[in-house]
Student: 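Provided herewith is a single structure, encoded as structure tokens, for subsequent inquiry.
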Amino acid sequence: MPTLNFRHIEIFWAVMTSGSATGAAALLHTSQPTISRELARIESITQLTLFKRANARLIPTEQALMLFDEVKRAYFGLERITRAADAIRQHKQGQLALVCLPAFSQALLPGVCKHFLDLYPDVSISITPQDAPLLHEWLSSQRYDLGLIEDSVAPAGTQAHGLFSADTVCILPARHRLAAKALLTPEDFAGEDFISLAGDDPYRHQIDSLFEGRGISRRLRVQTHSAAAVCATVAQGVGIAIINPLTALTYAPLGLQIRRVSFSIPYTVSVVRPLHRPDSPLVDSFVQALQHHTLALHHQLQGLTACP
């Protein structure tokens with residue numbers, strides 16, 4: 001038994017919107033006899049009387065108007081599909097799932113997300129903070145589109161690209177006596193109240209080893225796993241600290257002074273992409289936003305640490 005196909009619906013739509021077989025033929029770039037023949041076939045298949053002929057005009061019957069209501073709903077659905085395809089092609093819609101160290105969810109990603117979502121307002125972003133080694137395990141399991149790590153070694157099943165590299169910096173409360181210096185030496189820290197990262201933090205180990213090797217004692221006042229908490233505590237005037245430059249820049253508006261140090265404790269951030277997830281232009285665009293933002297932070301850091 002013959003059934004309607006998309007071409008039949010297209011012809012019916014054209015006739016209803018143009019009001020004549022001639023007009024429909026012009027819309028569909030075909031001939032008027034073809035339109036008339038296909039209209040007769042549509043009426044035969046549906047067993048409906050769709051039009052009354054009045055000279056060159058086709059007057060829709062009540063049955064035609066009822067059928068047209070259904071066709072319009074189908075066309076609107078098709079238009080939504082077309083718009084969705086266009087949005088996908090232009091990366092205007094989609095979802096990104098990110099996993100990172102907690103420090104990045106506070107000190108780096110908010111600014112990057114603002115820049116990215118200004119360009120892609122219909123995209124949604126999910127950020128999951130996680131500490132190592134679970135962070136590396138989750139990236140290896142291909143559960144996320146993108147990750148950020150404090151390392152240059154890619155977890156298994158991923159590839160890592162360097163995103164940001166700079167030495168750690170000293171942060172001081174406003175009007176601290178050491179803020180008068182542009183460059184601080186290890187000896188400048190002797191006897192100072194010090195805010196430290198927790199004992200299991202790798203940067204804590206490097207900092208402690210450096211001072212122990214020089215025989216320099218500090219007064220440890222507060223230790224915490226959170227770099228953000230270190231900054232907030234220093235801003236309260238409790239002591240000074242050595243911390244990663246990204247978090248230092250984020251919390252500089254609290255009144256923190258940022259100073260370079262004469263010793264090098266490198267700080268590296270890498271962006272990690274799982275190897276076994278589908279390629280995504282949206283992820284590529286987010287990586288570009290990360291690169292743009294971290295370059296701006298690097299310039300900002302240079303400006304803040306150039307002079308007291």
Side-chain angles (χ1 to χ4, degrees), residues 1-98 112-127 142-146 273-293:
M1 179 177 179
T3 58
L4 292 175
N5 57 39
F6 182 78
R7 181 60 174 172
H8 293 144
I9 301 303
E10 187 178 41
I11 289 171
F12 178 65
W13 173 276
V15 172
M16 290 294 291
T17 53
S18 68
S20 69
T22 302
L27 285 175
L28 299 179
H29 307 289
T30 188
S31 66
Q32 183 270 332
T34 297
I35 297 295
S36 297
R37 183 176 64 251
E38 291 302 317
L39 276 182
R41 186 168 299 169
I42 293 169
E43 290 184 319
S44 173
I45 291 171
T46 60
Q47 297 184 8
L48 299 174
T49 301
L50 299 175
F51 297 98
K52 294 179 179 178
R53 281 68 177 172
N55 298 323
R57 303 293 298 173
L58 293 174
I59 308 301
T61 64
E62 183 179 358
Q63 290 180 333
L65 294 174
M66 294 172 63
L67 182 61
F68 191 50
D69 285 340
E70 292 298 325
V71 170
K72 283 190 290 186
R73 280 192 281 272
Y75 260 78
F76 292 152
L78 182 61
E79 287 178 3
R80 285 196 298 271
I81 294 171
T82 302
R83 288 195 299 270
D86 181 64
I88 292 169
R89 184 176 62 254
Q90 299 183 41
H91 322 313
K92 291 180 178 179
Q93 291 182 345
Q95 297 179 339
L96 286 177
L98 314 178
V112 176
C113 289
K114 172 64 169 64
H115 174 80
F116 181 80
L117 293 175
D118 283 344
L119 299 174
Y120 304 102
D122 294 325
V123 173
S124 63
I125 301 173
S126 168
I127 300 173
Q142 316 293 305
R143 292 172 59 181
Y144 293 87
D145 297 306
L146 209 62
R273 297 185 68 160
L275 290 173
H276 308 300
R277 288 181 70 89
D279 290 339
S280 168
L282 203 59
V283 174
D284 294 338
S285 297
F286 194 85
V287 171
Q288 291 174 4
L290 278 166
Q291 293 168 335
H292 174 85
H293 192 74

Student: Looking at every heavy atom in both D118 and K114, which two are closest together, and how far apart are they?
Tutor: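 In terms of heavy atoms, the two residues are closest at OD2-NZ, 2.7 Å.
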Student: Which value, rounded to the nearest 0.5 Å, describes the distance between I125 atom CD1 and Q95 atom CD?
Tutor: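 Reported to 0.5 Å precision, the distance equals 11.0 Å.
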Student: Please walk me through it: do M16 and F51 pass side-chain contact (heavy atoms from CB on, under 4.5 Å)?
Tutor: CA-CA 10 Å; M16 290 294 291; F51 297 98; 3.6 Å; yes
Student: Could you tell me whether the side chain of T30 and the main chain of A25 form a donor-acceptor pair under 3.5 Å?
Tutor: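 Answer holds: no.
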Student: What's the separation between atom OG1 in T49 and atom CD in E62, rounded to the nearest 0.5 Å?
Tutor: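 Taking OG1 in T49 and CD in E62, the distance rounds to 12.0 Å.
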Student: Can you measure from OG (S18) to CG (L27) and round to the nearest 0.5 angstrom?
Tutor: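 Atom-to-atom, S18:OG and L27:CG are 5.5 Å apart.
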Student: Looking at A40, is its backbone amide N or carbonyl O close enough to the side chain of S44 to form a donor-acceptor pair, meaning the two atoms are under 3.5 Å apart?
Tutor: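 No, S44 side chain to A40 backbone: no donor-acceptor pair under 3.5 Å.
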Student: Would the distance check show the side chain of Q32 and the main-chain N or O of T22 forming a donor-acceptor pair, the cut-off being under 3.5 Å?
Tutor: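 Not a single qualifying donor-acceptor pair exists.
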Student: Would you call the rings of F116 and F286 parallel, tilted or perpendicular, where under 30° means parallel and over 60° means perpendicular?
Tutor: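 Rings of F116 and F286: perpendicular, over 60°.
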Student: Run I9 and L4 through side-chain contact (heavy atoms from CB on, under 4.5 Å) and show every step you take.
Tutor: CA-CA 7 Å; I9 301 303; L4 292 175; 4.1 Å; yes
Student: Test of understanding: with salt bridge (Lys or Arg N to Asp or Glu O under 4.0 Å), list the residues that count as partners of R277, not counting sequence neighbours.
Tutor: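 For R277, the residues satisfying salt bridge (Lys or Arg N to Asp or Glu O under 4.0 Å) (neighbours in sequence not counted) are D145.
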Student: In chain order, what residues pass the salt bridge (Lys or Arg N to Asp or Glu O under 4.0 Å) check against R41, with sequence neighbours excluded?
Tutor: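 By the salt bridge (Lys or Arg N to Asp or Glu O under 4.0 Å) rule, R41 matches E38.
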Student: Under 3.5 Å, side chain of H115 to main-chain N/O of V112, donor-acceptor pair present?
Tutor: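 Flag not set: sc H115 to bb V112 has no pair under 3.5 Å.
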Student: When rounded to the nearest 0.5 angstrom, what is the spacing between CG in L48 and OG1 in T61?
Tutor: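 Going from CG on L48 over to OG1 on T61, the span is 7.5 Å.
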Student: Shortest non-hydrogen contact from A21 to L58?
Tutor: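 That closest heavy-atom pairing would be N-CD1, 3.8 Å.
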Student: Do L96 and L146 have side chains that approach each other closer than 4.5 Å (heavy atoms only, starting at C-beta)?
Tutor: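 No - every pair of side-chain heavy atoms lies 4.5 Å or more apart.
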Student: Would you sort out whether D284 and R273 count as a side-chain contact (heavy atoms from CB on, under 4.5 Å), showing the intermediate values?
Tutor: CA-CA 10 Å; D284 294 338; R273 297 185 68 160; 2.6 Å; yes
Student: In Å and rounded to the nearest 0.5 Å, what is the CG to CG distance from L98 to L290?
Tutor: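 With rounding to 0.5 Å, CG (L98) is 8.0 Å from CG (L290).
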Student: Could you check if a side-chain atom of L39 sits within less than 4.5 angstrom of a side-chain atom of L50, using non-hydrogen atoms only?
Tutor: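 No, every pair of side-chain atoms sits at 4.5 Å or beyond.
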Student: I need the T34 OG1 to L28 CG distance, nearest 0.5 Å.
Tutor: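 Answer rounded to 0.5 Å: 10.5 Å.
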Student: Is the backbone of H276 close enough, under 3.5 Å, to the side chain of Q142 for a donor and an acceptor to pair up by distance?
Tutor: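 Yes, because the side chain of Q142 sits within donor-acceptor range (under 3.5 Å) of the backbone of H276.
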Student: Taking the side chain as everything from C-beta on, heavy atoms only, tell me whether V123 gets closer than 4.5 Å to S285.
Tutor: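 They are not in contact (no side-chain heavy atoms under 4.5 Å apart), so the answer is no.
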